[in-house]
Every structure is written in structure tokens, then in C-alpha cells.
Chemist: 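What follows is a structure written as C-alpha cells; I'll ask about it next.
Quick caveat: nothing in here was measured; it's all calculated off a predicted structure.
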Amino acid sequence: MTERTIKTVNPFTETDLASYDLMSDEQMFDAVKSCHAAFEDWRLKPVEDRAAIIARIGEELTARKEEFAQLMTAEVGKLIGDSRDEIDLCAGICAWTAKQGPEVLADEHRSLQDGRQGIITYSPIGVIYGIQPWNFPAYQAVRYTIANLMAGNGVLLKHAANCTGSGLMLREVYEAAGLPKNLFTVLTIDHDQSDKLIANDLVRGVTMTGSAKGGSVIGKQAGEHLKKAVLELGSNDAYLVLEDADLDVAIKTCVAGRIYNNGETCVNAKRFVVTDAVYDDFVKGYIDAMSQVTTGDPTSDGTGLGPMARDDLRQTLHQQVLDSVDKGASIACGGNLPDGKGYFYPATVLTDVAPGQPAYDEELFGPVASVIRARDDEDAMRIANDSRFGLGGGIFSKDEGRAVDLARKYFDTGMVFINHFNLATPEMPFGGVKDSGFGREHGGFGMLEFVNAKAIAVAA
């Protein structure tokens, strides 16, 4: 193996899966030119024609669901049920986009004050470059590519190295559904090459999902070249358990929200802010439930928690736990680095969590829950907003109207889930505030991020 090769590894068996040659700079720039050439034709197709192909992409994803799900589980350790759910979500995004896209992108007509007639048309701008992580190998790429293809753009994908196979399979799916060749291009390149790509004149926009640190770098690079960026970054989402919460619902949901996708999700429930009136009962039930979550083979339907995607990620998570304990947190369950094969980490609950600890201040990207005591409902909301992040969050309360009012007026985050946990919905915008990034995807918003809202005025 050479330095110019990507190798994928199964995190459950720790065995090699495949290797892929990295592109040369010349190959990379040729790929960008080919994508741009495909865009020149695609942008002129009626939106209805684009929508028809996007609908077929969703159908092709469904047809290859089991094959794709098995590959994702092999590459990143996702539970096989979560992988199947991911493909279903991707197919749903395609179906919704195909149905609603023509309406979202339709021209707007306005009568101007001086009697002229105004037309606002949403024109595609060119090739959009996406840098995506490994935790949702299909969804992270589908989320931005489908919206931009619907808008008439071409798209490039630099996927995380450890799910390279999933990126290439997605290209197969798109082209099998009738998408013109090269319009969706998967680039096997390294970080240095990525920097050169952002500077390329044919790249008109950059979208990235990842850490706040990585987003800061990509945002700076895009800004230096006066290119718009959409950044969907990490978070330490707070879920509030208010004084009138249904504790059975809260406990069950907070377990699922913390360990879904092996806890490796930007919008997972991570900090659990519990009011003093119900704290003891919640913590007892939550620890009991998390203690019963067992790790195992991610390809088996009955497994509760699979391995983390890479050993370095597991080591980082464990160090955050140890640092939090050194600064006063207590391990209520889990918290040990297991022996044996596979990059496993147990479902873990930390209590006595306070500012200054990684469990309070940082994103713990794995199955570790931070439980924080609040005096009352008002204090719980203060703690929830006491974060540099702001992607998602939740509120548990039997008073739904009040919970919605709190979410609307006070929760400083991009998404709020009332009495449930959710990841993403095609109909609703997805994105955050503060260090969780900027820009929106889904709900039609993603189709309008990288278009030229062109104003055309016709004389009276």
C-alpha cells in the first residue's frame, strides 16, 4: 500500500475491506471540468425533467436498500436497522424533492411600484463541492446533492475516507436512475487537494458537514475565494426534562436519542438537563435503562449498540470521559474501555456534570450521556442555551403549548423536538446556529442555498 491509497476497515472485525487509489491533481481538475460540462446541459433541462430523474433515484435506492445498508454497516459499524432506516430516509428525501421541487423553484411574479413587472427566477450557479463525514454515508451525501441537482447544479463529493465505498455506490445508484454521467462526481482526494479544489474557478459553492473546528477552516477557505458556504457542524444538544414531564416517555426517548447510530450523530441528544423536582426519579430510571444496552454484532437485528467507526474516535471519547471525571463528573454506568476486537464503547452516563468539563462544554461523539441538574424549568432553559453550539434540542413536558412557546421564544437552536427525538425530516429545515454552523437544508431551503435569485424587470 502507498501513501496515495485509501483503505477502508470494518470497525467490528478490524479487518480490511477495500482500498482505493487517490486521484492525482490532474485527474481531480479533469473531473471538475467534466462535472461542469454536464452541468451546462443539466441546468437547461426543465425542472419537471430533473424531478423525474430524482424520483427514480429514490426508487433505485429502495431497490438496492439491503445491499447499500450492508455496505454502510461494514464500513462504519452502524446497526443494520439504522442503515436500512437511513436508506428509507434518503428515498423519502428524493420523493419529497421531486414532488415539491418544481413549486419551490418556480418563478415569482411581482408588480412593482412604478408599474413595471418583476420576475424573480432561481438560476443554478454551477458546480457545488460537498465535504461529508462518515456517520451517515448515504444520507449526508444525499442531503445536499439531491437539493442541488433539483436546483440544476452539478455536484462534487469528497466523502470521508472510511466510507469511500458508500460514496461510489451512491454514484452507481444515481447513474442507474438516469442521472447524466459526471453530474455527480465522487472525488478520492486528500485534504491538501481539497484546498486546491475550493480555489478552483469552476467550483461555485462549498457545503460541509463535520466538526466546528473543521467548519472554521473550510469556511475561511471559501471566504478567501468569495464563495458561499453552507456549514452543518457539531453540537451538544440539550434535552430538557421539565417538572411536569412524563418520565416514562422522557427516559425511553433519551436513551434512544443518545445511542441512536451508536451515538455518533451531530443532532443526537447529548446533554440531559433535568429539573430538581424530577431529577432523582429520572436519573434512576435512565441509568437502569442505559445499563441494559449491550454492544454486539451490528449486522444482527437484536444488537443494542454497535462499534464506533474508528479506534481514534473511541480513544478521543474515552479521554473526554476521563477528563470530565478529573474535573468532578461521576460515572454512573459504563465509562470503561473494553478489551477485545471491535471499536466498542459502552453506553455511559455521567452525572455531576458542570461547566468546565468536556461533558458539559464539548460534543461527545459517541454513546455517552451528560446529566445536568437544574433548579427549575427556567434554570433548565438557561443551561440548555449555555453552549457555544445550537443545532438541535428537545423539551419533555405534558403542557405541549407551553413547551412550544419555550421552543419558539427561548431555545437558541436550529431545531427543537417536543416529547420525542428525531434526526431529520424532508419537509422541515435542517441546520443550526452559533458554532453549529449556518445555512439550511431540507424543507425546500436547501434548493435555494446555491442559486442565483435573479431579478428581471420588464418596462411598463
Chemist: Please identify each residue that fulfils side chain to side chain contact (heavy atoms under 4.5 Å, CB included) with A238, with sequence neighbours left out.
Modeler: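 Side chain to side chain contact (heavy atoms under 4.5 Å, CB included) list for A238, sorted by chain: L240, R271, V273, A384.
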Chemist: Does E14 use its side chain to pair, donor to acceptor, with the backbone of G342 at less than 3.5 Å?
Modeler: yes
Chemist: Looking only at heavy atoms, which two atoms of M72 and S166 are closest? And how far apart?
Modeler: CG-OG, 3.6 Å
Chemist: Should K7 and D16 count as side-chain neighbours, where that means a heavy-atom distance under 4.5 Å?
Modeler: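 The answer is yes; the side chains approach within 4.5 Å.
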Chemist: Considering only heavy atoms from C-beta outward, does the side chain of M169 approach that of E67 to under 4.5 Å?
Modeler: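 Yes, close enough: below the 4.5 Å cut-off.
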Chemist: I'd like to know if the side chain of N10 pairs up with that of E75 as donor and acceptor (distance under 3.5 Å, no hydrogens or angles considered).
Modeler: no
Chemist: State, without any angle test, whether T295 and Y345 hold a side-chain donor-acceptor pair at a distance under 3.5 Å.
Modeler: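 There is no such pair (donor and acceptor under 3.5 Å, judged by atom type) between the side chains of T295 and Y345.
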Chemist: Where is the tightest heavy-atom contact between S19 and T5, given as atom of each residue plus distance?
Modeler: CB-CG2, 3.7 Å
Chemist: Give a yes or no answer on whether the side chain of S397 reaches the backbone of E400 with a donor-acceptor pair at less than 3.5 Å.
Modeler: no
Chemist: Do T348 and P367 have side chains that approach each other closer than 4.5 Å (heavy atoms only, starting at C-beta)?
Modeler: no
Chemist: Could you state the interatomic distance from CZ (R388) to OG (S235), rounded to the nearest 0.5 Å?
Modeler: 9.5 Å
Chemist: Hey, are T425 and N422 close enough side-chain-wise for a donor-acceptor pair under 3.5 Å?
Modeler: yes
Chemist: Does a donor on one side chain sit under 3.5 Å from an acceptor on the other, for Q315 and Q319?
Modeler: no
Chemist: Y144 and side chain to side chain contact (heavy atoms under 4.5 Å, CB included): which single residue from V155, N153, L149 fits?
Modeler: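 Among the candidates, only V155 passes.
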Chemist: Flag yes if more than 12 heavy atoms outside H109 fall under 6.0 Å of its NE2 atom; otherwise flag no.
Modeler: yes
Chemist: Please name all residues satisfying ring pair (Phe, Tyr, Trp, His ring centres under 6.0 Å) with F68, sequence neighbours left out, ordered by chain then number.
Modeler: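 With neighbours one apart ignored, the set is empty.
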Chemist: Do S387 side-chain atoms and F389 backbone N/O form a donor-acceptor pair below 3.5 Å?
Modeler: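 Yes, the answer is positive, given that a donor and an acceptor are paired below the 3.5 Å cut-off.
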Chemist: State, to 0.1 Å, how close T185 and N182 come at their nearest heavy-atom pair, and which atoms those are.
Modeler: OG1-O, 2.8 Å
Chemist: Please state whether the rings of Y174 and F184 are parallel, tilted or perpendicular, taking 30° and 60° as the class boundaries.
Modeler: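 Tilted, since the angle between the ring planes falls between 30° and 60°.
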Chemist: Please check if the side chain of E232 supplies one atom and the backbone of G432 the other of a donor-acceptor pair under 3.5 Å.
Modeler: no
Chemist: Suppose we screen for side chain to side chain contact (heavy atoms under 4.5 Å, CB included). Which residues come up paired with V293, at least two apart in sequence or across chains?
Modeler: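 Once residues adjacent in sequence are excluded, the partners of V293 under the side chain to side chain contact (heavy atoms under 4.5 Å, CB included) criterion are V255, I259, L305, A347.
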Chemist: Please check if any side-chain donor atom of E108 sits under 3.5 Å from a side-chain acceptor atom of Y122, or the reverse.
Modeler: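 Indeed, the side chains of E108 and Y122 share at least one donor-acceptor pair under 3.5 Å.
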Chemist: Over 60° means perpendicular and under 30° means parallel, so tell me whether Y239 and F421 are parallel, tilted or perpendicular.
Modeler: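 Ring orientation of Y239 relative to F421: tilted.
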Chemist: Using side chain to side chain donor-acceptor pair (under 3.5 Å) as the criterion, list what pairs up with D30, not counting sequence neighbours.
Modeler: none
Chemist: Quick one: NZ on K454 to CD1 on I120, what's the gap to the nearest 0.5 Å?
Modeler: 13.0 Å
Chemist: With no hydrogens and no angle check, is any side-chain donor or acceptor of Q132 less than 3.5 Å from a backbone partner on A160?
Modeler: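 Here the side-chain-to-backbone pair does not exist.
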Chemist: Any idea which heavy atoms bring T265 and E363 closest together, and the distance?
Modeler: O-OE2, 4.2 Å
Chemist: Report yes if the side chains of M290 and R258 come closer than 4.5 Å at any heavy-atom pair, otherwise no.
Modeler: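 In contact.
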Chemist: Under a 3.5 Å distance rule, please check whether S370 uses its side chain to pair with a backbone N or O of A359 as donor and acceptor.
Modeler: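 Yes; judged by distance alone, with no hydrogens or angles, the pair exists.
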Chemist: Quick one: list whatever passes salt bridge (Lys or Arg N to Asp or Glu O under 4.0 Å) with K158, sequence neighbours left out.
Modeler: none
Chemist: Taking 4.0 angstrom as the limit, do K409 and D405 come out as a salt bridge?
Modeler: yes
Chemist: Who pairs with E26 by salt bridge (Lys or Arg N to Asp or Glu O under 4.0 Å), at least two apart in sequence or on another chain?
Modeler: none
Chemist: State which residues pass ring pair (Phe, Tyr, Trp, His ring centres under 6.0 Å) with F450; sequence neighbours excluded, sorted by chain then number.
Modeler: none
Chemist: Measure from the side-chain N and O atoms of R204 to the backbone N and O of P124, and report whether any donor-acceptor pair falls under 3.5 Å.
Modeler: no
Chemist: Donor-acceptor pair, distance only, cut-off 3.5 Å: does the side chain of T253 make one with the backbone of A250?
Modeler: no
Chemist: Is a donor from one side chain sitting under 3.5 angstrom from an acceptor on the other, for Q221 and D195?
Modeler: yes
Chemist: Are the charged groups of R56 and E59 less than 4.0 angstrom apart, N to O?
Modeler: no
Chemist: Is the backbone of L22 close enough, under 3.5 Å, to the side chain of D190 for a donor and an acceptor to pair up by distance?
Modeler: no
Chemist: Who are the side chain to side chain contact (heavy atoms under 4.5 Å, CB included) partners of H442, not counting sequence neighbours?
Modeler: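 Testing H442 for side chain to side chain contact (heavy atoms under 4.5 Å, CB included), a comparison that skips the adjacent residues, returns I93, Y139, R143, A424, F430.
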Chemist: Under the side chain to side chain donor-acceptor pair (under 3.5 Å) definition, can you give me all pairs with a residue in residues 304-313, not counting sequence neighbours?
Modeler: R310-D312, D311-R314
Chemist: Which atom names give the shortest non-hydrogen contact between Q140 and N135, and what distance separates them?
Modeler: NE2-OD1, 3.1 Å
Chemist: So which heavy atom on L233 is nearest to which on A212, and how close?
Modeler: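 That would be CD1-CA, 3.9 Å.
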Chemist: Give the C-alpha distance, both sets of side-chain angles, the deciding distance and a yes or no for side chain to side chain donor-acceptor pair (under 3.5 Å) between E362 and N236.
Modeler: CA-CA 7 Å; E362 300 175 11; N236 59 357; over 6 Å; no
Chemist: Give every residue pair that meets the ring pair (Phe, Tyr, Trp, His ring centres under 6.0 Å) criterion with at least one member in residues 14-64, sequence neighbours excluded.
Modeler: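 Found H36-F39.
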Chemist: Regarding D297 and T303, do their side chains bring together a donor and an acceptor under 3.5 Å, going by distance alone?
Modeler: no
Chemist: Who pairs with D301 by side chain to side chain contact (heavy atoms under 4.5 Å, CB included), at least two apart in sequence or on another chain?
Modeler: I80, R84
Chemist: Would you say T299 and T73 are linked by a side-chain donor-acceptor pair, where the criterion is simply a distance under 3.5 Å?
Modeler: no
Chemist: Is the backbone of E449 close enough, under 3.5 Å, to the side chain of K228 for a donor and an acceptor to pair up by distance?
Modeler: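 Yes; at least one donor-acceptor contact below 3.5 Å.
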Chemist: State, without any angle test, whether K78 and N261 hold a side-chain donor-acceptor pair at a distance under 3.5 Å.
Modeler: yes
Chemist: Residues in side chain to side chain donor-acceptor pair (under 3.5 Å) with N162, at least two apart?
Modeler: none
